[in-house]
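Taking it in order: structure first as structure tokens, then the write-up.
Just so it is clear: chains get the letters A, B, ... in the order the sequence lines come, proteins before strands, and each one is counted from 1.
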Amino acid sequence: MSDDLWILGIHMTKFGKHPDLDLVDLAGQAALAALDDGGVDMRQVQVLAAGNLLGGAGSIGQAVQKQIGQTGIPVYNVANACATGATALRTVCMAIKAGEADTGLAVGVEKLSGAGLLGARPRTEQEGEWKRSGRFGAVQPTDGFIGTESMAGVFAQVGMEYGHRYGGTDFELFARISEKNHAHSTLNPLAAYSKRMSLEQIMGDVMIAYPNTRPMCSANCDGAAAAVVVSDAKLRTLDPDQRRRAVRIRASVLTTDPWEEACQVLPNVNTLTRNAATQAYEQAGVGPDDLDLVELHDCFATAELVHYDNLMLCEQGGAVDFFNSGAPWRDGRMPVNVSGGLQSKGHPIAATGIANVWEVATHLRGEAGPRQIEGARVGLAHVIGLGSACGVHILEKAAA
Amino acid sequence: MADQIPFVDYLVLGDEPHLVARECVGCGARYFDRRVACAACGTRDFAAVPVPRTGEVRAFTIVTFAAPGVPVPFVAALVDCDGTSVRGNLVGVDPDPEHVHLGMKVALTTYVTGTDAAGVDAVNYGFAPVGG
């Protein structure tokens with residue numbers, strides 16, 4: 001027996017538009033499907049962690065329980081920006097590691113179809129006399145007057161800063177990263193968008209925040225994902241079929257951004273990701289070269305580039321060369337975002353951190369169909385939420 | 001001339017408008033917002049220090065799609081003012097990738113963003129290209 005945790009069952013709903021399903025329907029469906037996938041039901045679950053960031057659902061965990069099983073177990077409703085799903089999963093892992101449960105359920109759900117630009121709040125007309133407010137003592141909202149608060153603009157600067165530091169970036173490079181993910185999505189029936197897009201189409205689309213055009217931004221959509229986690233001791237009591245499909249969690253890590261010069265001026269998404277990756281590789285006893293696939297947080301094309309480096313898939317400063325080598329394409333040395341990534345699969349925020357784990361787990365189980373990465377044994381799932389929080393999970397195929 | 005007030009409380013107007021940072025007396029970390037304590041070292045005392053008026057563009061984006069009411073396009077940038085990073089818009093430059101460059105040298109400038117009911121101008125800062 002070991003301290004290892006296992007994903008026993010996991011599910012991701014179709015990402016896209018679900019006009020007839022509300023948050024509770026979607027989360028409930030994902031949770032039940034994950035339980036079915038693991039061959040267990042709510043009576044075995046001893047802890048539930050649930051996340052919904054923007055839906056205003058309040059206690060989403062209890063709302064889901066009221067649809068699928070009010071068993072009286074503790075519920076943790078979590079919120080951690082775009083890392084909310086990973087935080088739910090991590091919460092369940094901690095409870096099991098602490099010995100307070102042997103079976104836990106993590107759920108993330110979001111409805112964002114038609115949500116538009118995230119991070120931006122409409123301006124209202126100034127009336128009366130100037131009055132200072134906020135922590136900068138501003139007389140008007142600062143968005144648009146002192147930089148930008150739009151996510152597309154913030155992450156554009158993140159990619160541009162990398163370019164300033166190491167060189168080799170331009171509009172076309174970032175667009176080619178997006179071209180890769182849209183190409184990958186054509187094999188993913190659960191993706192919100194699964195159309196291949198040419199480089200010309202991507203570069204010629206509506207510019208949101210240079211150098212990110214619309215298809216280079218994560219797609220707002222509806223979706224949910226859920227995972228059932230069990231302890232090693234619990235797994236040993238289960239049927240051989242359940243054990244065969246279980247996926248080992250080799251590392252589960254959550255970090256925040258440590259203070260550095262500039263980090264409160266432009267969010268630093270690099271150091272906390274690098275720290276999470278370092279801890280995860282150490283926990284797992286593997287290195288980047290052992291990974292067969294990576295699902296990383298490509299909320300914008302400009303973000304994917306920096307995370308090649310932050311996750312140490314390349315040498316420091318070598319992300320442009322890494323991409324240009326073809327490595328992150330699905331037939332390359334280190335397939336990245338074979339699901340299509342957030343740019344085409346979609347980004348229902350609180351679901352994303354579990355959906356990425358589902359994608360990796362599905363490959364490790366050899367159940368990814370036409371987009372299967374053959375022989376995948378070890379994979380990494382990464383998410384980052386501004387504020388900031390970073391979740392990294394490293395998964396390994398069960399020994400035969 | 002109408003009365004003027006700075007757009008934010010860390011902008012000082014006058015003959016030579018400049019920004020003032022709150023510098024941690026313990027470790028030298030600099031901040032622009034109202035502080036409880038230093039996020040780097042926990043010290044609770046800060047000193048006001050002037051920030052150099054010139055700097056270099058370390059990152060930028062040209063925002064062409066923003067929240068309703070935010071005028072576009074505009075150039076948002078991270079400017080390195082001799083070791084102190086500042087967030088601000090680039091002004092006095094065409095907002096297109098042919099005219100805005102990483103590493104561009106810029107200097108702080110001010111402009112009026114609006115006038116309130118009492119006739120007071122709000123004056124904001126931005127960074128404009130200098131030299132070539």
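Side chains of A/R132 and B/I5 form a contact here, defined as non-hydrogen atoms less than 4.5 Å apart. Side-chain contact between B/P97 and A/F171: absent, with no pair of heavy atoms (C-beta onward) separated by less than 4.5 Å.
In terms of modelled atom types and a separation under 3.5 Å, the side chain of A/D143 and the main chain of B/A67 share no donor-acceptor contact.
Proximity to chain A is absent for every atom of B/P95, based on heavy atoms less than 4.5 angstrom apart. Of the atoms belonging to B/Y111, it is side-chain heavy atoms, and not backbone ones, that fall under 4.5 Å from chain A. In this structure, the portions of B/Y125 lying under 4.5 Å from any heavy atom of chain A include both its backbone and its side chain. For B/V86, the part lying under 4.5 angstrom from a heavy atom of chain A is the backbone only. For B/A77, the part lying under 4.5 angstrom from a heavy atom of chain A is the backbone only.
Ranked by heavy-atom pairs under 4.5 Å with chain B, the first of A/Y162, A/F155, A/F145 is A/F145. Options B/S85, B/P71, B/G69 differ in how many heavy-atom pairs under 4.5 Å they form with chain A, and the most are formed by B/S85. Put simply, of B/Y10, B/F32, B/F74, B/F7, the one with the most heavy-atom pairs under 4.5 Å next to chain A is B/F7. Chain A forms more heavy-atom pairs under 4.5 Å with one residue of B/V63, B/D33, B/N89, B/L102 than with any other, namely B/N89.
Between the NE2 atom in B/H101 and the NE2 atom in A/H164 there is a gap of 13.0 Å [rounded to 0.5 Å]. Atom CG of residue A/N212 and atom OG1 of residue B/T64 lie 10.0 Å apart, to the nearest 0.5 angstrom. A distance of 6.0 Å separates CG of B/L78 from CD of A/E161, quoted to the nearest 0.5 Å. Note that CG of B/D121 is 8.5 Å distant from CH2 of A/W130, once rounded to the nearest 0.5 Å. With rounding to the nearest 0.5 Å, the separation of CZ in A/R135 from CG in B/D9 is 10.5 Å.
Proximity to chain B among residues 297-318 of chain A is not found for any residue, judged by heavy-atom separations below 4.5 angstrom. For residues 37-58 of chain B, a heavy-atom distance under 4.5 Å to chain A picks out B/A39, B/A40, B/E56, B/V57, B/R58, given by residue number. Listed by sequence position, A/W259, A/E261, A/A262 are the residues of residues 253-263 of chain A in contact with chain B, using a 4.5 angstrom heavy-atom cutoff.
Partners of B/R34 by salt bridge (charged side-chain N to carboxylate O under 4.0 Å, His left out), not counting sequence neighbours: none found.
Shortest non-hydrogen contact noted between B/R87 and A/G147 is NE-CA, 3.9 Å. What you find for A/I146 and B/G88 is that their closest heavy atoms are CG2-CA, 4.2 Å. Taking every heavy atom of both residues into account, B/T61 and A/G153 meet most closely at CG2-O, 3.4 Å.
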